[in-house]
Amino acid sequence: MAAADGVQAEFFQLVKESAAAAKAEREAAGHPPHPADAASYRGVRRHYGKYGAEMRDPLDSERAWLGTYATAEEAAYAYDIAARVMQGKKARPNFPIAPPVPGDDDDAVADIVVRYFAELRHARLEQAEKRAAQQAAAGAAAAAAAAANVPVPVPAPAAPEAPPAQIHQLAPDLDLFQWHQAPVSSAWWWELPGAAAPGGEYFDELPPGPSTADDGN
């Protein structure tokens with residue numbers, strides 16, 4: 001039987017002594033031994049070469065582990081002892097007659113079983129809180145990682161102005177020196193052939209500009 005302390009040790013010792021007393025009574029009465037296979041008992045299964053006992057906790061329907069025992073009969077008595085205390089009249093024990101208990105003190109047996117289940121419930125609660133804390137920490141870490149990888153929006157670059165060489169290709173007659181000297185606010189772009197004027201008109205050729213041939217006349 002697995003090593004234990006506290007109320008677990010009390011429960012396991014109670015099962016061991018009760019199973020041994022029941023077996024002795026059966027042998028003294030000349031009754032045949034109980035089946036040795038786990039399939040013959042409720043709440044018993046093979047567990048690493050031994051026999052484990054378990055039942056549903058009536059409080060929350062979670063599995064309550066009742067220990068590991070050397071024989072299937074001992075495990076069956078562990079189930080019966082716990083079921084009779086925790087389920088009362090709804091219990092469906094493996095044996096119709098309850099096993100003898102130390103000192104014939106049923107109240108002491110009930111106290112051990114109740115404290116054992118209280119310890120099991122407390123352990124389950126601690127495990128649930130630990131899992132919840134781990135999940136919360138994992139969610140916070142994932143959120144922080146996602147926030148760190150969010151790209152910073154970069155404004156689109158402004159469209160570059162056409163360089164003078166391109167302007168000269170569009171309008172060979174346009175004086176580049178005058179274009180360079182024009183104020184920044186000058187709307188030179190609409191004076192190009194085929195460009196739209198502010199009023200919506202289009203020019204097929206450059207508008208007439210000042211003539212240098214009349215200079216000095």
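Only a predicted model underlies this, so the values are computations on that prediction, with no experimental measurement involved.
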Atom [atom1] of [X] and atom [atom2] of [Y]: how far apart are they, to the nearest 0.5 Å?
X	Y	atom1	atom2	result
Arg46	Lys50	CZ	NZ	11.0 Å
Arg124	Glu126	CZ	CD	12.0 Å
Lys130	Gln127	NZ	CD	8.5 Å
Lys23	Thr71	NZ	OG1	7.0 Å

Do you know which two heavy atoms are closest between [X] and [Y], and how far apart they sit?
X	Y	result
Arg63	Glu54	NH1-OE2, 2.9 Å
Tyr116	Gly67	OH-N, 4.2 Å
Glu74	Ala19	CG-CB, 3.8 Å
Tyr79	Gly43	CD1-CA, 3.8 Å
Ala72	Ala36	CB-O, 3.5 Å
Ala53	Trp65	O-CE3, 3.6 Å

State, yes or no, whether a side-chain contact exists between [X] and [Y] at a heavy-atom distance under 4.5 Å.
X	Y	answer
Phe117	Met55	yes
Asp111	Arg115	yes
Thr68	Tyr48	no
Phe95	Arg26	no
Tyr77	Pro99	yes
Leu120	Asp57	no

*Do Arg45 and Tyr51 have side-chain atoms, one donor and one acceptor, less than 3.5 Å apart?*
no
*Examine distances only and state if a side-chain atom of Tyr41 and a backbone atom of Pro35 form a donor-acceptor pair shorter than 3.5 Å.*
yes
*Would you check, one step at a time, whether the test side-chain contact (heavy atoms from CB on, under 4.5 Å) holds for Asn94 with His34?*
CA-CA 11 Å; Asn94 292 289; His34 289 304; over 6 Å; no
*Treating Ile, Leu, Val, Met, Phe, Trp and Tyr as nodes and any side-chain heavy-atom pair under 4.5 angstrom as an edge, say whether Val114 and Ile112 lie in one connected cluster.*
yes
*Are Val44 and Val85 grouped together when hydrophobic residues (ILVMFWY) are joined by side-chain heavy atoms under 4.5 angstrom apart?*
no
*Is there a side-chain contact (heavy atoms from CB on, under 4.5 Å) between Leu125 and Arg121 once you walk through the steps?*
CA-CA 6 Å; Leu125 180 60; Arg121 292 165 182 170; over 6 Å; no
